[in-house]
Amino acid sequence: MTDFSDADALAAAVRKAVDETPITDIHTHLFPPSHGDLLLWGVDELLTYHYLVAELFTVAPRDVTPQAFWKLPKRRQADLVWEHVFLKHGALSEAARGVVTTLNLLGLDIAGRDLGGIRAWFDAQEVEPYLERVLDLAGIDYAVMTNDPFQPAEVPHWRDGAPGCDRLRPALRIDPVIVNWPAAAQTMREAGYGTAPETDAQSYAEARRFLTDWAGTLGDPVYLAASLPPEFRYPSDSPSARTMRNVVLPTARELDLPIALMIGARKGVNRALGDAGDSVGVADVTAVQKLCAEHPDVKFLVTMLSRVNQHELCVCARKFGNLHLFGCWWFCNDPSIIREMSLQRLELLGATFTANHSDARVLDQLVYKWRHTRDVVGEVLVEKYRLLFAAGWRPTAEEIARDVRALFGGAFCDFLAK
Ligand code: HDL
Ligand code: ZN
């Protein structure tokens with residue numbers, strides 16, 4: 001018994017399922033509206049996304065320097081990106097095309113290129129209903145935030161009990177604990193915890209207490225998260241490996257929280273560009289392999305930044321049931337690499353990974369990041385289902401819906417629950 005008379009009917013059903021399946025966006029930098037300016041949204045934030053700032057400085061005239069740029073008001077910064085990246089260089093990059101996609105899907109006249117008129121439209125929006133509209137337009141059931149107790153601007157909102165948002169779930173971000181212990185110890189000490197620059201048993205215990213307390217403040221975070229440099233090694237006698245072993249892993253075990261590791265970001269290669277100044281390096285998949293092997297009772301969510309690491313990471317995920325791969329992260333979040341990674345992951349893992357996350361820093365980006373991902377992942381699935389159909393396999397409509405959902409958050413939820 002089959003639901004589809006031929007491969008074309010099957011392909012149409014796959015594309016429909018991909019368009020309609022709700023997505024769980026498992027890593028973003030969004031905030032609840034109650035956290036004020038931390039939640040970025042609107043066309044000027046879209047245009048000054050750090051990906052586009054980097055692209056501005058690849059084409060801007062020499063008199064447009066980063067130092068001068070950062071002194072400008074946001075709207076003037078956006079004007080420069082609009083002029084140089086969009087009008088003079090054609091909006092062909094993924095980050096630029098994304099702004100076009102978002103504005104178009106919001107129903108704005110991007111063909112008219114009337115930035116003033118577009119700004120007026122955004123100025124007329126109210127943030128709470130607009131947030132719901134964007135989540136619905138992108139087809140997202142909920143998104144996971146990045147909540148960092150080491151970022152002073154974020155702490156007061158949690159301390160003051162600012163109301164959250166049902167469709168934005170917390171995640172406890174802990175980079176400094178692993179990659180910059182002296183700074184982390186200082187922050188925790190200033191918050192009343194007995195952490196010292198030296199890494200001793202007392203400091204480790206106090207750091208675990210700090211993280212446990214913050215998990216309580218956030219109220220049931222989805223996971224612990226950290227971005228790690230390409231040089232991260234485990235096991236090793238490095239301070240990073242020691243805090244991983246003595247602070248992060250015991251805390252994850254005690255709170256029964258997965259650890260999300262995003263590995264391969266080489267920070268500050270051009271500090272003048274701020275967030276736009278980070279780059280990528282080939283990381284060591286063996287560190288992931290050893291963590292998973294040594295701690296089978298801990299769940300690891302892993303994404304790597306270098307395209308070079310992806311195949312080896314896929315093979316690693318075949319060996320460990322406590323490892324879940326997610327996303328085409330950052331410099332991989334481009335259609336050509338999303339396609340390559342999705343094909344490779346499907347061929348090595350089946351529908352047991354999370355195809356993408358948006359990493360959205362600006363609310364409205366959800367619209368393009370997920371439209372572009374649905375388009376690419378949809379065609380990858382059509383390709384694979386056509387091959388199955390040609391070989392006599394007859395998937396049902398329910399099975400297609402199941403598999404699409406698996407890639408868009410279902411496998412993640414199953415991994416959390418198992
Ligand atoms: O560390 C991270 O979570 C990264 O995603 C960085 O925030 C990075 O700047 C980014 O926005 N990537 O998309
Ligand atoms: Zn991120």
Side-chain angles (χ1 to χ4, degrees), residues 24-31 38-41 45-57 93-99 102 143-151 153-154 168-180 183-184 221-232 240 248 258-281 283 301-307 309 325-335 337-338 341 354-370 372-373 412:
T24 303
D25 192 344
I26 76 168
H27 172 58
T28 74
H29 296 269
L30 303 176
F31 293 91
L38 290 179
L39 173 61
L40 305 179
W41 62 284
E45 295 296 350
L46 283 171
L47 290 172
T48 54
Y49 182 37
H50 71 71
Y51 292 28
L52 289 168
V53 171
E55 292 171 30
L56 169 66
F57 289 107
S93 71
E94 177 62 9
R97 183 170 74 89
V99 175
T102 287
V144 181
M145 300 183 282
T146 297
N147 306 112
D148 187 339
F150 298 95
Q151 289 294 329
E154 296 187 34
L168 297 177
R169 308 271 174 88
L172 180 50
R173 185 67 179 255
I174 62 171
D175 298 23
V177 170
I178 303 173
V179 301
N180 189 350
V222 178
Y223 50 70
L224 298 173
S227 168
L228 300 176
E231 294 74 21
F232 177 72
S240 294
V248 180
I259 301 172
L261 299 177
M262 298 177 281
I263 309 174
R266 195 177 298 289
K267 294 288 196 183
V269 301
N270 182 348
R271 296 196 181 286
L273 299 186
D275 284 335
D278 298 337
S279 187
V280 56
L301 302 159
V302 174
T303 195
M304 282 187 155
L305 191 50
S306 172
R307 179 174 172 240
N309 284 129
L325 300 196
F326 74 95
C328 301
W329 180 31
W330 198 344
F331 303 114
C332 290
N333 198 2
D334 306 315
I337 299 181
I338 296 168
M341 287 176 64
T354 297
N356 212 351
H357 64 278
S358 70
D359 228 310
R361 284 173 171 255
V362 182
L363 173 63
D364 334 60
Q365 291 175 334
L366 295 173
V367 174
Y368 87 81
K369 286 178 181 262
W370 286 113
H372 292 186
T373 290
F412 169 75

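First listed ligand is number 1; within each ligand, the first listed atom is number 1. What you see is a predicted model, and the numbers here were worked out from it, not measured in a lab.
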Per residue D359, nearest N, O or S atom to the Zn ion (ligand 2) is named OD1
For ligand 1, find out whether one of its N or O atoms is nearer than 3.5 Å to an N or O atom of D278. no
Give a yes or no on whether the backbone of I178 and the side-chain of S240 come within a donor-acceptor separation of less than 3.5 Å. yes
Any donor and acceptor pair, going by atom type alone, linking the side chain of Q365 with main-chain N or O of A360 inside 3.5 Å? no
Using a 4.0 Å cutoff against the non-hydrogen atoms of S227, which atoms of ligand 1 qualify? 1 (O)
Starting from atom 13 (O) of ligand 1, find the nearest protein heavy-atom neighbour and note its residue, name and distance. Y51 OH, 2.4 Å
Less than 4.0 Å between a side-chain N and a carboxylate O, is that true for D25 and K369? no
Is it true that D364 and T102 share a donor-acceptor pair across their side chains at a distance under 3.5 Å? no
Short N/O distance, under 3.5 Å, between R361 and ligand 1? yes
Regarding R361 and D359, does a basic nitrogen lie under 4.0 Å from an acidic carboxylate oxygen? no
Can you report which non-hydrogen protein atom sits closest to atom 4 (C) of ligand 1, along with the distance? W329 NE1, 3.6 Å
Say whether H50, considering both its backbone and side-chain N or O atoms, lies within less than 3.5 Å of an N or O atom on ligand 1. yes
Would a distance-only check, ignoring hydrogens and angles, find a side-chain to backbone donor-acceptor pair under 3.5 Å from Y223 to I26? yes
Between M262, R173, H357, flag the one that comes closest to atom 1 (O) of ligand 1 by a heavy atom. R173
Which atoms of ligand 1 have any heavy atom of H27 under 4.0 Å away? 3 (O), 5 (O)
Between R266 and E231, is there a side-chain N and carboxylate O pair less than 4.0 Å apart? yes
